[in-house]
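For this chain, numbers begin at 1 and follow the sequence in order.
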Amino acid sequence: LRHHRLTAALLVLQIALICAVLCNVLFSVQTRLQRMGVASGVDKSSLVTLSSESTDPAEKASTRIRADIRTLQAVPGVSQAVAIDGMPLDPGGESSYGICSQLDAWAAAMKTRSIQGSPDCISAAGIMASPGLLSALGAKLLFGRDFLPEEYWGDHASSVLVTRQLASRLYGRVDVTGKLLYQGTDHAWRIVGVIDEIIRSVPRGRSSDHDLMLWPHWPDQDTAYLLRTSPGQRQRVLGEAVAALIRSQPQRIVSARHVTTFTQSRRRFFSAWCQHGVDPAVCHRRSAGRDRDWYRRSGQFLGGPAEAAD
């Protein structure tokens with residue numbers, strides 16, 4: 001190589017380039033695996049979900065949903081049943097909203113058609129649910145109160161619960177009960193309570209993973225149901241819950257894919273997310289280690305044999 005300096009230089013450059021690429025790949029893998037450890041903020045080992053779609057065009061959805069909640073609450077082992085329009089780590093269920101802590105900040109954002117760059121505005125996720133959501137999720141109320149029964153009536157909620165992270169980002173402190181959140185010059189919610197961190201449906205980064213709002217709402221269209229039970233009863237509860245719903249109203253569709261435990265949903269979320277740049281086998285091992293759970297085949301929720309635990 002002494003007589004071929006150009007060749008030697010190219011060889012050294014090639015080795016340096018390979019090392020840089022490998023370091024970048026390893027850093028990406030490490031970052032994604034660390035993100036998989038983000039706290040969900042819910043009692044994931046006790047939660048199951050299912051969704052139901054009516055096939056009766058004459059049926060009033062709001063009436064059926066209330067009846068469904070009563071039916072599900074009566075299933076042995078269910079401590080809380082809630083109608084909900086989204087869940088943490090559920091990419092198909094996130095609704096996000098541009099919100100501001102000050103009315104003049106909202107007006108300024110409307111002039112520029114963007115909330116970017118404003119310290120008083122952020123984009124946050126929102127979840128609407130029937131009474132009992134905090135109890136179902138196992139969420140901790142830090143300040144203020146839960147929703148009152150009379151706040152669940154009407155098409156537009158006037159009160160909201162926010163996470164600690166959202167409160168800190170917008171107001172610089174945690175106890176922000178009584179403050180207003182603006183989403184328009186004539187549309188604001190009164191913050192009635194602050195809860196501990198709950199991850200949003202689609203994480204956006206460490207600084208905004210837990211930017212979440214909760215609203216009181218009785219759904220008036222087909223929805224999902226969240227059930228709280230004990231970890232050892234989840235699969236039995238799922239099977240009995242589906243059977244109870246079908247007995248109460250046969251004219252409905254219960255999708256097998258959406259009859260699941262929260263740990264299964266979480267694993268599917270990160271498995272799909274991980275495949276963008278990370279070996280799926282590595283992701284599977286990581287998620288399985290964090291959320292070990294029992295699986296059932298999609299068509300066997302009504303008492304079929306369980307698969308072995310992974």
Can you give the donor-acceptor pairs under 3.5 Å from side chains of residues 71-82 to other protein atoms, not counting sequence neighbours?
residue: Thr71; atom: OG1; partner: Ala67; partner atom: O; Å: 3.1
residue: Gln73; atom: OE1; partner: Ala81; partner atom: N; Å: 3.1
residue: Gln73; atom: NE2; partner: Ser79; partner atom: O; Å: 3.2
residue: Ser79; atom: OG; partner: Arg228; partner atom: O; Å: 3.2

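- Under the side chain to side chain donor-acceptor pair (under 3.5 Å) criterion, Asp68 pairs with Arg64, Tyr225, Arg252, not counting sequence neighbours.
- Partners of Ser62 under the side chain to side chain contact (heavy atoms under 4.5 Å, CB included) rule, at least two apart in sequence or in another chain, are Lys60, Arg66, Asp220.
- A heavy-atom distance below 4.5 Å is not found between the side chains of Ser45 and Phe262.
- Clustering ILVMFWY residues whenever any of their side-chain heavy atoms sit less than 4.5 angstrom apart, transitively, puts Leu212 in a cluster other than the one holding Ile99.
- Shortest non-hydrogen contact noted between Ile65 and Ala83 is CG2-CB, 3.8 Å.
- Residue pairs meeting the side chain to side chain donor-acceptor pair (under 3.5 Å) criterion with at least one partner in residues 172-183, sequence neighbours excluded, are Asp175-Thr177.
- Remark: Thr49 pairs with no residue by the side chain to side chain donor-acceptor pair (under 3.5 Å) rule, at least two apart or across chains.
- Side chain of Ser248 to backbone of Leu245: a donor-acceptor contact under 3.5 angstrom is found.
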* Apply side-chain contact (heavy atoms from CB on, under 4.5 Å) to the pair Leu50 and Val242, showing each step before the final yes or no. => CA-CA 8 Å; Leu50 61 154; Val242 172; 4.1 Å; yes
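- Cluster membership for Ile195 and Ile127, using ILVMFWY side-chain heavy atoms within less than 4.5 angstrom, is shared.
- Looking only at side-chain heavy atoms (C-beta outward), Ile191 and Tyr171 come within less than 4.5 Å of each other.
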* Could you check Asp222 against Ser54 for side-chain contact (heavy atoms from CB on, under 4.5 Å), going step by step and ending with a plain yes or no? => CA-CA 7 Å; Asp222 290 316; Ser54 174; 4.0 Å; yes
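- By the side chain to side chain donor-acceptor pair (under 3.5 Å) test, Arg145 pairs with Glu151, sequence neighbours left out.
- Ser230 has its side chain out of reach of Ser46: every pair of non-hydrogen atoms, C-beta onward, lies at least 4.5 Å apart.
- The pair Arg169-Asp211 meets the salt-bridge criterion, since a charged nitrogen lies less than 4.0 angstrom from a carboxylate oxygen.
- Contacts of Ile18 classified as side chain to side chain contact (heavy atoms under 4.5 Å, CB included), with partners at least two apart in sequence or in another chain: Gln14, Leu22.
- Between Leu170 and Pro119, the shortest heavy-atom distance links the atoms CD2-O, 4.3 Å.
- Side-chain atoms of Arg190 never come within 3.5 Å of backbone atoms of Leu180 as a donor-acceptor pair (strictly under, hydrogens ignored).
- Pairs passing the disulfide bond (SG atoms under 2.5 Å apart) check and including a residue from residues 104-146, sequence neighbours excluded, read Cys100-Cys121.
- Note on Met213: it clusters hydrophobically with Val174, by side-chain heavy-atom contacts below 4.5 Å among ILVMFWY residues.
- In this structure, the side chains of Leu226 and Leu137 come closer than 4.5 Å at one or more pairs of heavy atoms.
- In this structure, Thr163 contributes its side chain and His210 its backbone to a donor-acceptor pair below 3.5 Å.
- Among all heavy-atom pairs drawn from Phe147 and Leu214, the shortest one is CZ-O, 3.1 Å.
- Cluster membership for Trp189 and Leu134, using ILVMFWY side-chain heavy atoms within less than 4.5 angstrom, is not shared.
- The two residues Ala129 and Leu133 make their nearest non-hydrogen contact at CB-CD2, 3.7 Å.
- In this structure a side-chain-to-backbone donor-acceptor pair under 3.5 Å is present from Ser201 to Met87.
- Following chains of ILVMFWY side-chain contacts shorter than 4.5 Å, one can reach Leu141 starting from Leu47, so the two form part of one hydrophobic cluster.
- Listed here is the closest heavy atom pair of Ala109 and Ile115: CB-CG2, 3.9 Å.
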* When you look at Arg200 and Ser96, which way does the side-chain contact (heavy atoms from CB on, under 4.5 Å) test go after all the steps? -> CA-CA 9 Å; Arg200 59 196 297 168; Ser96 59; 4.0 Å; yes
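- Between Thr55 and Pro57 the shortest heavy-atom distance is O-CD, 3.3 Å.
- The stretch residues 97-110 participates, sequence neighbours left out, in no salt bridge (charged side-chain N to carboxylate O under 4.0 Å, His left out) pair at all.
- Proximity of a side-chain donor or acceptor of Glu240 to a complementary backbone N or O of Val237 within less than 3.5 Å is not detected.
- Counting only heavy atoms from C-beta outward, the side chains of Leu238 and Gln235 approach each other to under 4.5 Å.
- Among residues two or more places apart in sequence or in another chain, the side chain to side chain contact (heavy atoms under 4.5 Å, CB included) test is passed with Pro131 by Tyr152, Trp218.
- Counting heavy atoms from C-beta outward, Cys19 and Ile15 have side chains that approach closer than 4.5 Å.
- Between Trp215 and Tyr97, the ring planes lie perpendicular to each other; the angle is over 60°, past the 30° to 60° tilted range.
- For residues 109-123, the set of pairs meeting the side chain to side chain donor-acceptor pair (under 3.5 Å) definition, not counting sequence neighbours, is empty.
- A 4.5 Å side-chain heavy-atom check between Val192 and Val160 finds every atom pair outside the cut-off.
- Using a 4.5 Å cut-off on side-chain heavy atoms (C-beta onward), Glu59 and Gln251 make no contact.
- Taking CG from Leu181 and OG from Ser159, the interatomic distance works out to 11.5 Å, rounded to the nearest 0.5 Å.
- In this structure Asp196 satisfies the side chain to side chain donor-acceptor pair (under 3.5 Å) test together with Arg164, sequence neighbours excluded.
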